[in-house]
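This report concerns only the one structure given below.
Computed over heavy atoms, backbone and side chain alike; hydrogens, waters and symmetry mates excluded.
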Amino acid sequence: MRGRAGFPRVAMWAVLPGELALVVCLVAGVRIPGAVLLGAEALVVGMLALEAYVMWPLYAARRRAGDTRREAGLAVVRAVVPVALRRLIAHEFRALHSLGLWTVRRRHRIPEGARPFSYTEPQTGIMWAFLLVSVVETVVLALVIPWPLVHAIVLVVDVYGIVIILALHAASVTRPHLVGADGSLRLRYGALFDLRVPAASIASARVERRFPDGGLVRVGEDGTLDLAVESQTTVTVELTRPVEFVRPLGRRGRARTLRFHADDPRAAVAALMAPGRAVAPALTPEGAAPPPAASPLTPPAPALTPERTAPSSPPDPPA
């Protein structure tokens with residue numbers, strides 16, 4: 001079954017990007033020769049026929065196994081469409097949705113009583129600089145390229161790239177880290193990463209600035225997860241038991257220690273340690289003897305009255 005689903009995946013990776021580019025050009029009003037349109041549509045029809053040839057037996061097998069139509073359809077999609085492609089498409093749609101939320105100054109699903117903590121400060125300047133470079137590049141290429149078809153294609157691609165840059169930054173702004181009212185933790189990075197940690201799994205939290213190597217998500221051999229923003233983390237959370245997480249492209253992992261960046265790490269640590277925090281007993285000076293225990297034969301000290309703050313002393317003897 002996996003072998004039959006492998007070739008359609010290759011065909012999809014080969015045909016789908018070209019078809020998407022063609023659709024974008026048509027929407028933008030670009031005139032495309034009829035031979036190019038005919039060849040592209042023939043490729044699409046052939047790919048759809050191949051998909052139907054492979055997917056129908058898989059769907060029928062799932063239906064015979066007792067799955068509903070929806071369950072069987074989802075199972076076939078998971079078998080044919082690569083996980084990375086499904087997640088990339090989902091990330092892009094979530095980012096575009098976040099751009100809409102950012103436009104109306106709203107945030108994504110912050111429950112009542114939860115405290116949001118932003119993490120975009122280190123990357124904001126770089127994102128705006130990257131956006132400026134993209135705009136300049138778009139304008140320069142629009143003035144330099146003399147061929148109308150190539151000019152239109154490059155213009156559409158560049159404009160869409162600018163929109164995606166804005167959407168990625170908007171996703172980070174509208175999806176902050178969350179500390180719930182019960183002390184639970186939700187780590188997020190835009191639409192790419194989302195990890196929920198119950199309050200019972202959090203042992204301790206501290207402010208700790210580190211500069212790990214690697215990309216956005218990195219897991220060490222000791223089970224430490226680094227969710228870095230511009231290669232830095234500011235908060236370290238120790239867990240009582242490992243938690244599972246999903247990487248941006250679908251791979252799974254387990255972590256016992258979490259390191260992430262927060263623009264205000266002290267406030268984040270205070271919020272994490274506030275719910276149900278146990279108060280440690282006061283330490284006595286080293287070498288000091290503990291206070292003696294009261295003997296059951298010792299009469300109780302006289303009670304203090306509101307008017308007096310200490311027991312009265314015995315009267316002086318007469319002169």
Side-chain angles (χ1 to χ4, degrees), residues 87 90-91 93-95 97-98 101-102 105-124 168-210 212 214-220 222-280:
R87 293 187 65 86
H91 294 333
F93 275 106
R94 294 191 188 112
H97 174 254
S98 299
L101 293 177
W102 190 42
R105 298 180 179 275
R106 293 178 57 188
R107 289 182 172 180
H108 180 267
R109 294 184 182 180
I110 298 182
E112 184 178 357
R115 294 187 59 185
F117 293 95
S118 62
Y119 49 83
T120 58
E121 183 177 341
Q123 71 178 22
T124 300
L168 291 175
H169 183 63
S172 298
V173 173
T174 58
R175 299 168 184 259
H177 301 315
L178 298 177
V179 177
D182 59 347
S184 60
L185 174 64
R186 184 177 183 183
L187 292 181
R188 299 193 284 189
Y189 183 82
L192 298 174
F193 187 85
D194 196 340
L195 171 63
R196 300 173 185 263
V197 183
S201 299
I202 299 176
S204 64
R206 63 183 181 273
V207 177
E208 185 179 28
R209 186 177 297 275
R210 287 177 171 268
L216 171 65
V217 179
R218 189 185 73 88
V219 182
D222 58 348
T224 300
L225 169 66
D226 290 318
L227 182 62
V229 178
E230 293 303 319
S231 300
Q232 65 174 301
T233 63
T234 54
V235 178
T236 300
V237 177
E238 303 286 348
L239 305 179
T240 59
R241 58 179 180 270
V243 294
E244 292 187 356
F245 63 91
V246 181
R247 293 173 180 265
L249 293 183
R251 292 178 55 192
R252 295 182 175 272
R254 294 169 63 87
R256 184 68 180 265
T257 303
L258 307 177
R259 294 174 183 156
F260 61 95
H261 176 79
D263 293 340
D264 190 353
R266 297 185 182 278
V269 170
L272 284 170
M273 300 307 296
R277 183 176 55 194
V279 180

Which residues pass the side chain to side chain contact (heavy atoms under 4.5 Å, CB included) test with Ala228, sequence neighbours left out?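 Expected list: Pro212, Thr233.
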Nearest 0.5 Å, please: how far is [atom2] in [Y] from [atom1] in [X]?
X      : Y      : atom1 : atom2 : result
Arg196 : Leu185 : CZ    : CG    : 11.0 Å
Arg218 : Ser231 : CZ    : OG    : 10.5 Å
Phe260 : Asp226 : CZ    : CG    : 12.0 Å
Arg259 : Glu238 : CZ    : CD    : 8.0 Å
Leu239 : Thr257 : CG    : OG1   : 6.5 Å
Leu101 : His108 : CG    : NE2   : 7.0 Å

Minimum side-chain heavy-atom gap Leu258-Phe245 below 4.5 Å: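 A side-chain contact is absent here, since even the closest heavy-atom pair is not under 4.5 Å.
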Can you find a pair of side-chain heavy atoms, one from Leu227 and one from Val217, that are under 4.5 Å apart?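 With C-beta onward as the side chain, the pair touches.
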For Arg94, what residues pass the salt bridge (charged side-chain N to carboxylate O under 4.0 Å, His left out) criterion, not counting sequence neighbours?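 Here no residue qualifies.
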Side chain to side chain contact (heavy atoms under 4.5 Å, CB included) between Arg188 and Leu178, worked out: CA-CA 8 Å; Arg188 299 193 284 189; Leu178 298 177; 3.7 Å; yes
I need the minimum non-hydrogen distance between [X] and [Y], along with the two atoms involved.
X      : Y      : value
Ala199 : Gly183 : CB-C, 3.6 Å
Gly190 : Arg175 : O-CD, 3.1 Å
Tyr119 : Ser172 : OH-O, 3.4 Å
Ala255 : Leu225 : CB-CB, 3.6 Å
Arg87  : Pro248 : NE-O, 2.9 Å
Pro122 : Gln232 : CB-NE2, 3.5 Å

Residues which pass side-chain hydrogen bond (donor to acceptor under 3.5 Å, both in side chains) with [X], listed by chain and number, not counting sequence neighbours:
X      : value
Ser118 : Asp263
His169 : none
Ser201 : Arg241
Arg256 : none

Can you confirm whether more than 12 heavy atoms, excluding those of Arg209, are under 6.0 Å from its CZ atom?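 12 or below, so no.
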Just one of Leu195, Val197, Asp194 clears the side chain to side chain contact (heavy atoms under 4.5 Å, CB included) bar with Arg186, so which one?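 Of the listed residues Leu195, Val197, Asp194, the side chain to side chain contact (heavy atoms under 4.5 Å, CB included) partner of Arg186 is Asp194.
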Taking Arg266 for the side chain and Val207 for the main chain, is one N or O donor matched with an acceptor at less than 3.5 Å?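 No; judged by distance alone, with no hydrogens or angles, the pair does not exist.
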Would the distance check show the side chain of His177 and the main-chain N or O of Phe117 forming a donor-acceptor pair, the cut-off being under 3.5 Å?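 No, because the side chain of His177 does not come within donor-acceptor range (under 3.5 Å) of the backbone of Phe117.
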